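A short worksheet on the structure shown next.
What you see is a predicted model, and the numbers here were worked out from it, not measured in a lab.
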Amino acid sequence: MNDTPPEEPETPPGRRESLASLLGGRKGALDASLPPVAFVVGWLVSGSSIGWGAAAAIAVSAVVGIVRLVRGDKVRAVLISLAAVVVAALIALRTGRAEDFFLIQLLSNVASALAWAVSIVIRWPLLGVVVGTVLGQKTRWRKDPDLLRAYSLASWVWVFGQYTVRVVVFGVLWWAGEVVALGVARTVLSWPLVAVTVAVSGWVLHRALPDRHPGLRHPVVEAEK
């Protein structure tokens with residue numbers, strides 16, 4: 001008797017699959033918000049000491065990294081996250097401005113907004129690249145005009161609904177030197193904003209596909225139509 005459980009069937013054509021179920025990412029976004037919070041707490045408790053804030057952020061980042069490794073995350077990804085926190089701390093220590101701890105976050109969102117916008121213009125929308133990679137489709141989705149158009153429209157949600165919002169909020173608070181508000185914004189605009197962006201872009205993606213389309217897992221190339 002075979003006790004091996006049956007494999008989970010692939011999503012059948014015509015069934016609309018949730019974008020959130022494909023992308024996930026809530027844990028990663030939540031983990032990334034902890035070191036900035038630790039920086040602000042350390043900075044406040046120590047009487048506005050950037051050194052103590054930096055030490056708290058790096059310590060928390062190291063703990064989060066260990067937890068992620070135990071959870072099965074890749075060593076390279078964990079090291080990159082830790083390095084980003086260390087660099088942010090060094091920038092703040094170098095300039096003597098606590099708000100500069102958030103400068104990398106501000107600049108990275110500027111770069112992300114530009115990258116996603118350019119990807120749409122050149123007809124390689126990054127949402128399609130990400131989802132296509134997750135589904136193992138490589139670039140086959142680009143041969144489907146309906147999917148290409150839907151991914152392009154949904155990618156604009158990421159440009160304006162996530163990255164541009166962060167750039168505006170972080171930029172204004174950084175310019176004003178509002179360290180505590182930056183810490184709060186860093187938390188609010190992490191996984192809660194990611195969750196909203198995924199939900200809205202998923203809605204746009206599925207609304208943009210014609211009713212006859214078999215779904216994200218089943219690109220329809222011209223020759224098959």
Applying side chain to side chain contact (heavy atoms under 4.5 Å, CB included) to Glu178 and Phe102, what does each step give before you reach the verdict? CA-CA 11 Å; Glu178 297 290 341; Phe102 299 89; over 6 Å; no
Is a donor on one side and an acceptor on the other found under 3.5 Å between the side chain of Ser119 and the backbone of Trp116? yes
Students should find that the hydrophobic cluster of Leu69, defined by side-chain heavy atoms under 4.5 Å apart, otherwise consists of Val75, Val78, Leu79
Does the Asp144 side chain pair with the main chain of Val220, one donor and one acceptor, at a distance under 3.5 Å? yes
Under 6.0 Å between ring centres, would you say that holds for Phe39 and Trp43? no
Could you tell me if the side chain of Leu189 sits less than 4.5 Å from the side chain of Phe170, heavy atoms only? yes
Verify the neighbour count for atom CZ of Arg149: are there more than 12 heavy atoms of other residues, nucleotides or ligands below 6.0 Å? no
Test item: Glu99 side-chain N/O and Leu182 main-chain N/O as donor-acceptor pair under 3.5 Å: no
Would Trp158 and Ser201 count as a side-chain hydrogen bond (donor to acceptor under 3.5 Å, both in side chains) if you check the C-alpha gap in whole Å, the side-chain angles of each, and the deciding distance to 0.1 Å? CA-CA 7 Å; Trp158 290 72; Ser201 61; 3.1 Å; yes
Is there a donor-acceptor pair under 3.5 Å between the side chain of Thr139 and the backbone N or O of Arg142? no
Checking side-chain polar atoms at under 3.5 Å, does Ser112 have a donor or acceptor matched by the opposite partner on Arg166? no
Taking atom CH2 of Trp156 as the centre, report whether more than 12 heavy atoms of other residues, nucleotides or ligands fall under 6.0 Å from it. yes
Ignoring hydrogens and angles, tell me if any N or O in the side chain of Arg186 forms a donor-acceptor pair with the backbone of Ala32 under 3.5 Å. yes
